[in-house]
Protein chains: 2
Amino acid sequence: MTILVGFIYTPVKQRFMKLTSKGRYAVMALVDLAKFNNINPVSLRDISLRQGISLDYLEQIFAKLRKKEIVQSVRGTQGGYILNKKAKEIKLTNIFEAVDEKVKTVQCKKESKKGCNGKLVKCLTHNLWDELESHINNFFDKKSLDDLVKDNEEKRV
Amino acid sequence: MTILVGFIYTPVKQRFMKLTSKGRYAVMALVDLAKFNNINPVSLRDISLRQGISLDYLEQIFAKLRKKEIVQSVRGTQGGYILNKKAKEIKLTNIFEAVDEKVKTVQCKKESKKGCNGKLVKCLTHNLWDELESHINNFFDKKSLDDLVKDNEEKRV
DNA sequence: AGATACTTGACTATTTTAGTCGGGTTTATA
DNA sequence: TATAAACCCGACTAAAATAGTCAAGTATCT
Ligand code: FES
Ligand code: FES
């Protein structure tokens with residue numbers, strides 16, 4: 001905190017956009033699941049081996065996916081996970097939201113007139129981040145798990 | 001690192017997309033600079049006060065912007081920074097690139113057949129991240145500093 | 001000379017990430 | 001009914017990144 005002519009800088013504590021391995025893994029794992037999602041549930045162990053993702057980490061991720069009702073679990077031997085909806089109805093936005101990687105560029109409340117950094121007016125770049133957010137979410141809202149699986153099958157042909 | 005049936009998980013150390021305060025500040029500061037960029041250079045102290053960004057941090061950011069020839073410095077009293085190009089020619093991509101916040105979703109080499117996580121084949125979601133990268137950079141390539149300033153003036157009217 | 005402003009580089013508290021670990025519970029099947 | 005395969009849950013942690021801070025300059029105007 002720097003003090004300058006009676007001015008105090010309150011550090012802005014806001015990570016304003018993230019998309020990291022957790023989200024990437026979630027999508028990878030779900031594509032894998034969707035591909036092998038015939039009759040039997042798919043175990044995390046299989047996904048872990050096929051995709052090279054730590055089993056323990058996958059468990060954390062799937063706990064979140066289950067809470068958001070994207071997957072369903074089947075316990076016991078021969079258990080695993082199955083999709084809880086049609087692959088076409090699972091959009092990337094849903095997945096990212098479930099694992100806390102929602103794309104959110106502005107932290108300031110939309111309704112309130114207040115800006116970020118506590119000022120009484122929106123900052124110079126507020127509009128930009130707002131547009132960016134729409135731009136990205138637009139992409140994620142359109143893409144479904146089904147699209148990804150199909151995209152993948154094509155590639156293989 | 002978990003060992004499982006002779007399998008070793010090498011942790012994937014890749015942050016695959018970032019856009020944080022540093023980039024946000026860089027853009028804010030440059031919009032401010034562009035607005036007040038008449039004849040005289042604009043001092044970081046002024047930007048700091050107007051935008052509520054730590055002066056010390058701004059100095060770090062502007063050092064990078066100068067290295068990439070986005071701004072020019074004028075030393076001494078009444079000194080400060082001026083834009084090194086027309087505001088119309090400074091795209092957001094250039095700004096983010098300068099402060100190391102380039103949007104880069106895939107780490108695997110494009111030419112090589114190898115995928116991320118060291119596998120010999122591209123992962124299930126490679127295409128997706130590739131598309132996403134284009135989608136976002138498309139947005140940033142189009143937006144110039146000039147657009148932002150104009151956008152801002154309109155709002156004020 | 002003094003003040004203003006840029007320049008450089010090292011340092012650091014805090015937070016986030018990408019896991020790990022240990023102990024459960026549930027259920028199919030041998 | 002014993003066992004093993006799978007999910008379930010919460011706590012823990014090393015390493016990295018973030019958002020700065022701080023100190024000691026140098027250049028230039030008045
Ligand atoms: S982002 Fe909304 S005011 Fe700064
Ligand atoms: S992102 Fe290119 S192979 Fe995984």
Side-chain angles (χ1 to χ4, degrees), chain A residues 1-5 8-26 28-29 33 40-49 52-67 71-82 99-101 116-117, chain B residues 1-5 8-26 28-29 33 40-49 52-67 71-82 99-101 116-117:
Chain A
M1 212 183 290
T2 305
I3 298 170
L4 179 67
V5 210
I8 297 171
Y9 290 103
T10 38
V12 179
K13 287 281 150 55
Q14 50 186 205
R15 153 149 298 83
F16 92 104
M17 182 158 159
K18 65 173 171 180
L19 232 40
T20 62
S21 291
K22 200 191 321 200
R24 184 205 284 264
Y25 287 161
M28 277 177 79
L33 178 53
N40 304 325
V42 180
S43 75
L44 293 189
R45 190 175 155 282
D46 286 355
I47 296 180
S48 160
L49 286 169
I53 304 169
S54 146
L55 180 59
D56 287 314
Y57 203 24
L58 271 180
E59 274 172 351
Q60 281 186 48
I61 292 169
F62 272 76
K64 295 183 180 224
L65 293 173
R66 189 170 53 90
K67 269 184 206 122
V71 296
Q72 254 190 0
S73 71
V74 181
R75 302 187 72 164
T77 328
Q78 300 294 100
Y81 286 91
I82 52 173
V99 297
D100 311 319
E101 301 230 322
C116 51
N117 63 26
Chain B
M1 212 182 288
T2 305
I3 297 170
L4 179 67
V5 209
I8 298 171
Y9 290 104
T10 38
V12 179
K13 285 282 150 55
Q14 51 185 203
R15 154 149 297 82
F16 92 104
M17 181 158 158
K18 65 173 170 179
L19 232 39
T20 62
S21 291
K22 200 192 319 201
R24 184 205 283 264
Y25 287 162
M28 276 176 81
L33 178 53
N40 304 324
V42 180
S43 75
L44 292 189
R45 191 174 156 280
D46 285 355
I47 296 179
S48 161
L49 287 168
I53 304 168
S54 146
L55 179 60
D56 287 315
Y57 204 23
L58 271 181
E59 273 169 353
Q60 279 187 50
I61 292 169
F62 272 76
K64 294 184 180 222
L65 293 173
R66 188 169 54 90
K67 267 182 206 124
V71 296
Q72 254 190 359
S73 72
V74 180
R75 303 187 73 163
T77 328
Q78 300 294 98
Y81 286 92
I82 52 175
V99 296
D100 310 318
E101 301 231 321
C116 49
N117 62 26

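Heavy atoms only: backbone and side chains are in, while hydrogens, waters and symmetry mates are out. So you know, we letter chains A, B, ... as the sequences are listed, proteins then strands, and number each from 1.
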Atom-pair distance ([atom1] on [X]; [atom2] on [N]), nearest Å:
| X | N | atom1 | atom2 | answer |
| --- | --- | --- | --- | --- |
| E59(B) | dA19(D) | CD | C1' | 15 Å |
| I53(A) | dT20(C) | CD1 | C1' | 16 Å |
| D56(B) | dC11(C) | CG | C1' | 12 Å |
| I61(A) | dA18(C) | CD1 | P | 9 Å |
| Y57(B) | dC6(C) | OH | P | 18 Å |
| L58(A) | dC7(D) | CG | C1' | 13 Å |
| Q72(B) | dA27(D) | CD | C1' | 16 Å |
| K64(B) | dT7(C) | NZ | C1' | 15 Å |

Rounded to the nearest 0.5 Å, what's the gap from [atom1] on [X] to [atom2] on [Y]? Could you check?
| X | Y | atom1 | atom2 | result |
| --- | --- | --- | --- | --- |
| I61(B) | K22(B) | CD1 | NZ | 7.0 Å |
| I47(A) | M28(A) | CD1 | CE | 10.5 Å |
| E101(B) | R24(B) | CD | CZ | 10.5 Å |

Check: Taking for each residue the nucleotide of DNA chain D with the nearest heavy atom, is it A63(A) or G79(A) whose nucleotide lies nearer the 5' end?
Finding: G79(A)
Notebook entry, point to check: Starting at the 5' end of DNA chain D and moving along, which residue's nearest nucleotide shows up first, Q78(B) or D46(A)?
Noted result: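 The residue mapped nearer the 5' terminus is D46(A).
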Short side-chain N/O contact from [X] to OP1 or OP2 of [N], under 4.0 Å:
| X | N | result |
| --- | --- | --- |
| Y25(B) | dG20(D) | yes |
| T77(A) | dT27(C) | no |
| T20(A) | dA18(C) | yes |
| R66(B) | dC6(C) | no |
| K18(A) | dT17(C) | yes |

Margin query: Parallel, tilted or perpendicular: which one describes the rings of F62(B) and Y81(B), with boundaries at 30° and 60°?
Written below: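 Rings of F62(B) and Y81(B): tilted, 30 to 60°.
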Return the nearest nucleotide to the side chain of [X]; candidates are [options].
| X | options | answer |
| --- | --- | --- |
| S73(A) | dC8(D), dA10(C), dA6(D) | dC8(D) |
| R75(B) | dA27(D), dA28(C), dC8(D) | dA27(D) |
| S54(B) | dT21(D), dA18(C), dA28(C) | dT21(D) |

Checklist line | Under-3.5 Å donor-acceptor pair between Q60(B) side chain and dT8(C) base | finding: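 It does not, because no donor-acceptor pair links the side chain of Q60(B) to the base of dT8(C) below 3.5 Å.
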Check: How would you label the contact of F62(B) with the nucleic acid (heavy atoms, under 4.0 Å): base, sugar-phosphate, or nothing?
Finding: nothing
Check: If only atom types and distance count, is the side chain of S48(B) paired as donor or acceptor with the main-chain N or O of I53(B) below 3.5 Å?
Finding: yes
